[in-house]
Amino acid sequence: MNVRRVLLVDDDAAVREALGQTLELAEFDAITAGSFVEAKDRIAAQFEGVIVSDIRMPGRDGFHLLDYAHEQDAELPVILLTGEGDIPMAVRAMSAGAFDFLEKPCAPQDLISVIERALRTRGLVLENRRLKAQLETGDPAARMIFGISPQSETLRAQARAAARAGTDVLIRGARGSGISKVAEVVHLCSTRAKGPFEKRSAAGLGREGLEAVWQGCAGGTLFLDEIAQLPLDTQLALQDRLEAGGARLIAGSVEDLGQAADEGRFSAELYYRLEVMQLRIPALAERPEDIPVLFRHYVAQAAEQSGLTPPEIGEEVIAGLIARDWPGNARALMSAAMRFVLGLGDEDAAGEGLGLTERLAQVERSLLADALKRTGGQASAAAEMLKLPRKTFYDKLAKYGLKPEESAEPLGRVELSLAITGDTAANRICADSAQAVSKTCGFRTCSARSRKVGYHRLSIRLNEKYRNRLAFEQSLMRLAHGCLVPSEGPAGERALAHHHLGRIPMKKFLMTAVAAAALTTGATGAMAACDDGEIVIKFSHVTNTDKHPKGIAASLLQERVNEEMNGKACMEVYPNSTLYNDDQVLEAMLNGDVQMAAPSLSKFEQFTKVFRIFDLPFMFLNMEAVDAFQNSETGQEMKESMVRRGLLGLGFWHNGMKQMSANKPLMMPEDAAGLKFRVQPSEVLKAQFEALDASPQPMAFSEVYGALQTGVVDGQENTWSNVYGQKFFEVQDGTTETNHGVLDYMVVTSADWWDSLDEDVRSQLETIVNEVTETRNAAIAEVDAENRQAVLDAGGEIRELTPEQREAWVNAMKPVWEQFTDDVGQENIDAAQAFNSEVQG
Ligand code: LMR
């Protein structure tokens, strides 16, 4: 890969400018930043370049930047600039993992040659990752783009080339040609394959929405469908984001973007940036030889989906398909395949081979339907229009099975795309909900299609009858719950996108749809609508709100604050990583962007090593012992141990003991050897899996389901509420009840923000937090048991260990303590053990 990007970080503007010019002259793609904070957003896994940073900077220095960069991507080369003759600093830089160091002022040639070397290394790393990912996933281009025509072969080659290039991509094609699928192929063929892949409709996407989705795509790819419809203001924001890097953009368009740019509807700058790497999906009419291959594939898929045996596809069927010009492209062919499997015949091909009588009947039926449509489903007006007596008109309707109320011209249409993966229980619930919605609303058109890896698309046409806003709203809510609440795991993959093609009278309906869509992403609190003058408290967390102890506690907190502090303060809760994930939230808190969060205790070890005690395997016997330890003097002091880092703990919230699962049964520690396990970012947890000869893979919570499903990791450890809430059991062989560790939370806030509150506000808030903590912690055993049962009820397998098997796990994992005794303190270990004995009685 030809990587040329250099991120240059120096607080001295003159030096920055001089070095920046040197880099530009050497034809590097230089981006400059004056501080760590400014540079941070640009640093992400898969960054296609290298970093050059000064060490001495006010605030966060070059070492901090180096650590941060390596947390994002351990193989990202960082070149540090030291002061002249500062040997100790240089030594420290190298031992901290810097790629190289240079003394300031440095000769341009030295700088350039070190950067060249770093870029070459980076290019190789990225290319290796791409090839490795390709080996792991097979060749997505061959797997997902079907067709034997030269045009299809070219498309596959272009998709692979675009993936390799790593640039932004524009995919053009006619409607229904599968633009988003090709975008997914480009993503899967790229070095970012293991990163997130988010699809969004560009229409109506605001700056804030873009910002949130861009953050969520760090290290991955954002696909913006119908890019020409991106509001102009968001186009500008997108350009900024593209400059900053972090994610990769793939844009889809059915319209000519060049023309949109000429007409001033689309930013010319953005257009020129995108047109550099363009892919065009050829229409089906241009490659008729692909039609049989695609049709056979779609028929097999449709049969699998509907649980039917695929019917025999005769030559006459194929000949009929090839003879048509398919303006609706692959999507239309897919529908034809589904109808074929269901034995429904093919509407578009209907008419062929019919006699005069049947043809006349067809014409009559369509005239009747048309009249009904034009009169908004009013039978008498339609009868009048056709100059037919009402009785005759009704007889004819009955003959053709037409119903006036179903025939009205739709007032608008809402398209919901539910991205799903796999034929899982959650997806079946989703499909059932779609059916339920169509029934309740009596939607005239509601088609649900699913592919093994793909999405459900529900096209809902709304007509006069559905002016019943409540029914529509309830149905959408039901759909949202049915499809999204049970499948909150890979939130990004199952987000609900929506297009509205309605007319003005549908505005109300559409607003409801937006509200429902907001609910599906879980931003319940976003609807809390704070009043002017109230202190807004944003609470961000990563789990679901349904049965989850953290979700329930956060909702209760929200409810109480909004009720009891009305007029003074207002809380908005953002669950499911919709605002930040745990890696981002503490930084956001220090920046004042969010006021409260409750990350797991593993996320605090970077601030205070004593927190490592909670991650040590088999340290606590059960949650009672954990509770006693947290309430001890040591535990209470831990809440304030990060004040010098700007954070203040307000309370510990319980979750439970962790269990272990994998894609094979885990009965003895040896069963875990050689497997890849997702871990939270914690040195102890890494060491714990290394002690089992397994490979720990740190990863954000929201990515775990997808990683388990696609085999990026083989197993994971978590509590029952997370195993159930994220549906991990669906994609694992079974869960072994190891109870080997603790997963608990600390409610945390920014010390500055807390201090800025008036005394009465602070004390009322503190009281509410304490009471919620007490109430919800007291209920933890019940919630844990409920989630365990829910796993069983949903068909998950739970394996219990015999005392001997458990002993073997303890013996394999407990030696890890030795590595961390100095960090956590022997006296704290002793205290924890004493609590174990106490609760044991
Ligand atoms: C995890 O990352 O597994 C947990 O911290 C998620 C959570 O907050 O329960």
Side-chain angles (χ1 to χ4, degrees), residues 600-602 605 609-630 654-662 664-680 682-696 714-720 722-723 728 732-744 780-781 784-785 788 797-841:
S600 69
L601 300 179
S602 315
E605 65 146 35
K609 292 201 173 122
V610 71
F611 274 87
R612 290 184 165 162
I613 194 164
F614 293 107
D615 281 342
L616 287 172
F618 299 105
M619 174 58 64
F620 293 96
L621 194 64
N622 54 29
M623 294 308 292
E624 275 175 76
V626 174
D627 191 75
F629 181 81
Q630 288 171 348
H654 292 334
N655 184 333
M657 302 301 286
K658 287 183 289 187
Q659 322 301 341
M660 217 184 274
S661 70
K664 61 181 250 202
L666 296 175
M667 298 312 294
M668 291 295 280
E670 299 79 68
D671 297 331
L675 301 186
K676 284 180 279 177
F677 282 86
R678 176 269 170 168
V679 289
Q680 301 183 69
S682 144
E683 290 309 312
V684 179
L685 299 179
K686 283 193 221 163
Q688 169 193 284
F689 280 103
E690 277 157 6
L692 296 172
D693 288 328
S695 158
D714 303 301
Q716 63 84 42
E717 52 157 14
N718 227 309
T719 56
W720 288 124
N722 282 339
V723 170
F728 294 154
Q732 294 277 266
D733 176 79
T735 310
T736 306
E737 191 155 37
T738 46
N739 286 319
H740 64 279
V742 178
L743 195 154
D744 244 26
I780 199 62
D784 191 52
R788 184 185 187 279
E797 163 123 32
I798 296 182
R799 299 197 175 94
E800 291 174 23
L801 297 175
T802 62
E804 293 72 33
Q805 286 166 331
R806 187 177 153 86
E807 186 64 23
W809 286 93
V810 174
N811 291 340
M813 291 157 87
K814 217 167 151 180
V816 165
W817 290 18
E818 279 164 32
Q819 292 176 48
F820 298 96
T821 310
D822 288 350
D823 293 339
V824 302
Q826 187 61 48
E827 66 288 4
N828 291 329
I829 296 184
D830 295 342
Q833 297 302 291
F835 287 122
N836 283 345
S837 314
E838 231 171 72
V839 298
Q840 233 173 352

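Quick caveat: nothing in here was measured; it's all calculated off a predicted structure.
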task = Look at the side chain of Asp671 and the backbone N and O of Met668, then say whether any donor-acceptor pair between them is shorter than 3.5 Å.
result = yes

ask   = Are the side chains of Phe618 and Asn811 in touch, meaning some heavy atoms are under 4.5 Å apart?
value = no

ask   = Do you know the tightest heavy-atom contact between Glu605 and Arg612?
value = OE1-NE, 2.8 Å

key: Evaluation steps, side chain to side chain contact (heavy atoms under 4.5 Å, CB included), between Thr735 and Glu797   = CA-CA 6 Å; Thr735 310; Glu797 163 123 32; over 6 Å; no

note = In short, Trp817 meets Gln833 closest at the heavy-atom pair CH2-NE2, 3.5 Å

Main-chain N/O of Pro696 paired with Arg678 side-chain donor or acceptor, under 3.5 Å = no

ask   = Just checking, any donor-acceptor pair under 3.5 angstrom between side chains of Gln680 and Ser600?
value = yes

query = Can you tell me how far the CG atom of Asp627 sits from the CD1 atom of Ile780, to the nearest 0.5 Å?
reply = 10.0 Å

Polar side chain donor-acceptor pair, Asn739 to Gln659, under 3.5 angstrom = yes

task = Over all heavy atoms of both residues, which pair between Ile613 and Phe620 is shortest? Give the atoms and the distance, please.
result = O-CE1, 4.0 Å

ask   = Taking the side chain as C-beta and beyond, is there a heavy-atom pair between Val742 and Lys658 under 4.5 Å?
value = no

message = Checking Gln732 against Asp714: is there a side-chain donor and acceptor pair closer than 3.5 Å?
response = no

ask   = Would you say Leu675 and Lys664 make side-chain contact, with heavy atoms under 4.5 Å?
value = yes

Check: Ser682 side chain, Val684 main-chain N or O, donor-acceptor pair, under 3.5 Å = yes

task = Given side chain to side chain contact (heavy atoms under 4.5 Å, CB included), test His740 with Arg806 step by step and report yes or no.
result = CA-CA 9 Å; His740 64 279; Arg806 187 177 153 86; 6.0 Å; no

query = Can you tell if the side chain of Asp693 reaches within under 4.5 Å of the side chain of Glu670, non-hydrogen atoms only?
reply = no

message = How close do Ala808 and Pro669 get, counting heavy atoms only, and between which atoms?
response = O-CG, 3.5 Å

task = Before giving the answer on side chain to side chain contact (heavy atoms under 4.5 Å, CB included), spell out for Gln630 and Asp744 the whole-Å C-alpha distance, their side-chain angles and the decisive distance to 0.1 Å.
result = CA-CA 10 Å; Gln630 288 171 348; Asp744 244 26; 2.9 Å; yes

ask   = Should Glu737 and Met657 count as side-chain neighbours, where that means a heavy-atom distance under 4.5 Å?
value = no

key: Val723 versus Asn718, closest heavy-atom pair with distance   = CG2-O, 3.9 Å

ask   = Taking it one step at a time, do Thr719 and Arg788 satisfy side chain to side chain contact (heavy atoms under 4.5 Å, CB included)?
value = CA-CA 9 Å; Thr719 56; Arg788 184 185 187 279; over 6 Å; no

query = How far apart are the C-alpha atoms of Gln716 and Ser661, what are their side-chain angles, what is the distance that settles it, and do they pass the side-chain hydrogen bond (donor to acceptor under 3.5 Å, both in side chains) test?
reply = CA-CA 6 Å; Gln716 63 84 42; Ser661 70; 3.0 Å; yes

request  = Would you mind reporting whether Glu624 and Phe835 have side-chain heavy atoms less than 4.5 Å apart?
outcome  = no

query = Do Ile829 and Val824 have side chains that get closer than 4.5 Å, going by heavy atoms?
reply = yes

inquiry  = Run the side-chain hydrogen bond (donor to acceptor under 3.5 Å, both in side chains) test on Asp830 and Gln826 for me, step by step, so that the C-alpha distance in whole Å, both residues' side-chain angles and the decisive distance to 0.1 Å come before the verdict.
reply    = CA-CA 6 Å; Asp830 295 342; Gln826 187 61 48; 3.0 Å; yes

task = Answer yes or no: is there a donor N or O on one side and an acceptor on the other, between the side chain of Asn622 and the main chain of Ala625, under 3.5 Å?
result = yes

ask   = Quick one: does Arg799's side chain get under 4.5 Å of Leu666's, heavy atoms only?
value = no

ask   = For residues Gln805 and Thr802, is any side-chain donor paired with an opposing acceptor at under 3.5 Å?
value = yes

query = Between atom CD of Glu690 and atom CG of Leu685, what is the distance when rounded to the nearest 0.5 Å?
reply = 11.0 Å

message = Ignoring hydrogens, what is the shortest heavy-atom contact between Asn828 and Val610? Give both atom names and the distance.
response = ND2-CG2, 3.4 Å

task = Indicate the ring-plane relationship of Phe629 and Phe614, choosing parallel, tilted or perpendicular according to the 30° and 60° boundaries.
result = perpendicular

inquiry  = Given Gln688, which partner from the list Glu717, Lys814, Gln819 fulfils the side chain to side chain donor-acceptor pair (under 3.5 Å) test?
reply    = Glu717

query = Roughly how far, to the nearest 0.5 Å, is OG of Ser695 from NZ of Lys676?
reply = 7.0 Å

remark   = Sorted by chain and residue number, the side-chain hydrogen bond (donor to acceptor under 3.5 Å, both in side chains) partners of Lys609 (sequence neighbours excluded) come out as none

